[in-house]
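Worth saying up front: this structure is predicted, and the values here are computed from it rather than measured. In each ligand, atom 1 is the first atom listed, and ligand 1 is the first ligand listed.
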Amino acid sequence: MCGIFGIVTEEEQALGPILIEAGRWLSYRGYDTVGCATFHKDQTIDLRKDVGKIDEVASRLNFAEMTGSRGVLQLRWATFGVPSQVNAQPHLDSDGDMVGAHNGNVVNNLELRQQFIQEGMTVRSMNDGETCVHAVERYVHRGYDTLQAIRCAYQDLEGDYAFVIGRAGERELYAIKKGSGLVAGVGEGFTCISSDLPSILPLTRQIIRINDGEIVTLHPNRIELHRVSDGERIERLPQTITESMESAQKGGYPHFMLKEIHEQPTVAGEMLRLIEKSDDVKQLVERMASARHLYLIGCGTSYHACLLGSIYMAQIAGIPAIPVLAPQFIAQYAPAVGPEDVGLFVSQSGETKDVLNAIHVAQQRGMRVLGMVNVIGSTLTQVSEHYLPLACGYEISVPATKTFTNQAIAFLFLALRLAHRPTQQLSEQIPALMKLTLEQISPQIQQIEPLLIAQNDLYCLGYGLTYPIALEGALKLKEITYAHCEGMLSTEFKHGPLSAVYDDFPVIFVCAPQDIPLIVSGVNEVVCRGGRAIVIGPDDHRLRINAHHLITLPQMEAEISALLSVLPLQLLSYHLSLARGFDPDFPRNLSKTLTVD
Ligand code: M6R
């Protein structure tokens with residue numbers, strides 16, 4: 001998840017400290033390289049960039065001394081091209097008199113690079129941010145002014161991105177938005193632009209939100225907007241932002257958890273587009289395919305994703321993969337593994353001590369280590385031969401939500417790849433279904449909530465593909481409502497826990513379309529003993545007439561329906577936590593990353 005920032009000032013001044021500060025604000029998005037460029041009056045461009053963290057690179061390359069009347073900063077999370085100085089952004093055009101940087105993915109990067117090379121341009125990196133610059137250069141060479149050249153470039157660049165660009169000899173910066181976030185700010189004697197609001201708020205509270213298909217021209221004292229489609233000018237006045245910095249970071253939501261729940265469609269699409277083209281992910285798949293035994297290893301929520309992953313591997317690819325909790329891997333499997341075996345270690349943070357302990361033991365046995373991880377630069381990314389980036393950006397709330405769904409989706413993607421089946425359709429299909437599901441379930445959750453507020457004991461049951469979802473739902477409910485919620489296989493309920501059912505005892509069933517008859521049996525075992533059955537599943541009359549309450553999901557394939565059935569459980573946990581008077585973002589006794597044994 002890259003981040004961009006640009007500033008234009010009336011006078012030439014020290015821009016380095018402003019760019020460094022903006023970089024710190026954007027750094028929560030995750031990144032591996034940092035770069036800054038400033039424009040001087042004498043038409044020279046000062047460009048400094050390298051691999052590393054913002055403070056480290058800024059001090060090594062002395063960003064603080066950079067001056068100018070226009071500045072651009074970029075933090076890059078590697079997608080096209082390895083993290084390296086040459087692939088770091090911003091990028092120059094062929095002649096070195098334009099500089100620009102982007103955020104997002106240009107999916108036809110490789111095709112465009114070839115065209116630019118054939119057209120005689122100097123292409124220095126593998127990075128798609130450079131492609132954005134050359135796409136503008138192409139039309140500048142054909143005689144267009146900068147604004148028109150950007151309009152034309154927009155038609156050539158496929159994917160979701162935002163980018164900022166400037167030309168020596170002018171006074172302006174330009175930015176464009178297509179799918180990725182972009183916000184502009186207007187202050188006393190300057191204007192600025194950024195991937196998100198928090199990096200602008202320390203400078204100004206006069207904000208203009210940019211929509212897809214709009215080009216922003218940043219003058220030192222005003223902002224102009226044009227529509228890409230017809231080049232027409234758009235009038236939009238700045239609005240004053242009154243919210244606090246913390247609530248700005250929450251993007252208008254009352255809690256990080258709710259924001260992160262609603263970010264799921266976006267980050268799912270971003271990750272899928274990213275991994276679709278990734279060479280590293282291709283190699284990861286090859287390594288998985290070559291394993292004698294394949295282990296999927298994680299803790300907590302990440303372990304639940306492993307469990308779902310193993311079902312996808314078996315059902316879709318016919319490959320047995322062994323899901324196991326990281327500490328248990330050490331006791332149960334490590335003594336028997338060797339160099340022919342592969343462990344895919346799954347972790348949001350990449351720093352969970354239980355996971356790192358298991359990796360240590362696996363490495364001692366010569367086992368191959370792969371990763372699936374959200375935080376780039378974490379220990380897991382460093383020790384993995386190849387890793388799949390979850391690309392969720394920062395997950396701040398302690399309960400994992402968007403990282404779970406991206407883990408589950410990544411497993412579905414890997415299973416399809418291992419089965420040699422197409423995966424491109426997922427990036428269209430899944431985000432749209434997630435959005436629809438969130439819209440459809442929100443009012444239904446509100447109806448169920450009052451029934452459960454006072455309950456301190458409940459069960460959450462699933463079968464087959466929904467078994468891991470039931471475990472995950474139960475973990476979410478326990479973690480932030482402090483009620484005791486046990487997750488289990490629905491068919492196991494009759495082997496003991498059924499005896500605990502009393503009048504109105506709540507049991508939540510999570511049902512995939514193909515398991516309706518089996519779930520209906522389980523529901524009736526509970527209902528006839530006085531329990532209250534709540535089902536999350538497809539809109540099916542068998543579920544409707546047998547259960548007390550049915551939370552319906554949109555119609556979709558079983559594999560996707562199973563993973564999306566976690567959304568109602570996330571939302572239910574969130575609302576119950578609030579209703580019971582707790583802070584869902586920061587539950588007591590827990591921390592986001594458990595770096596202890
Ligand atoms: O960073 P990790 O994915 O390795 O963390 C593992 C667990 O600590 C984590 O999933 C935890 O269970 C969550 N807080 C659950 O919401």
Short list, please: which atoms of ligand 1 are under 4.0 Å from a heavy atom of [X]?
| X | value |
| --- | --- |
| K476 | 15 (C), 16 (O) |
| S302 | 2 (P), 3 (O), 10 (O) |
| P399 | 16 (O) |

V398 N/O under 3.5 Å from ligand 1 N/O: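 V398 vs ligand 1: N/O contact under 3.5 Å present.
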
Min N/O separation S347 to ligand 1 under 3.5 Å: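 Min N/O separation from ligand 1 is below 3.5 Å for S347.
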
Any ion pair linking [Y] and [X] (charged N to carboxylate O, less than 4.0 Å)?
| X | Y | result |
| --- | --- | --- |
| R273 | E276 | no |
| E286 | R417 | no |
| K476 | E472 | yes |

Give the residue and atom name of whichever protein heavy atom lies nearest to [atom], and the separation in Å to one decimal.
| atom | value |
| --- | --- |
| atom 8 (O) of ligand 1 | L594 CD1, 3.8 Å |
| atom 16 (O) of ligand 1 | E479 OE1, 2.6 Å |
| atom 1 (O) of ligand 1 | S349 OG, 2.7 Å |
| atom 5 (O) of ligand 1 | T352 OG1, 3.4 Å |
| atom 7 (C) of ligand 1 | C299 O, 3.8 Å |

Region of T301 engaging ligand 1 - heavy atom pairs below 4.0 Å: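 The answer is both.
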
Within-4.5 Å side-chain heavy-atom neighbours: C299 and P327: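 Answer yes - side chains close enough.
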
Non-hydrogen side-chain atoms of Q425 and L416 separated by less than 4.5 Å: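 Yes, their side chains come closer than 4.5 Å.
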
Residue from T403, L388, N406, I297 passing side chain to side chain contact (heavy atoms under 4.5 Å, CB included) with M372: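 Testing each of T403, L388, N406, I297 against M372, the sole residue satisfying side chain to side chain contact (heavy atoms under 4.5 Å, CB included) is L388.
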
E351 near ligand 1 by a heavy-atom separation under 4.0 Å: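 No, E351 has no heavy atoms under 4.0 Å from ligand 1.
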
Heavy atoms of other groups near K435 NZ, more than 12 under 6.0 Å: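 No, not enclosed.
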
Side-chain donor-acceptor contact under 3.5 Å, E557 with Q429: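 Yes, a side-chain donor-acceptor pair sits under 3.5 Å.
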
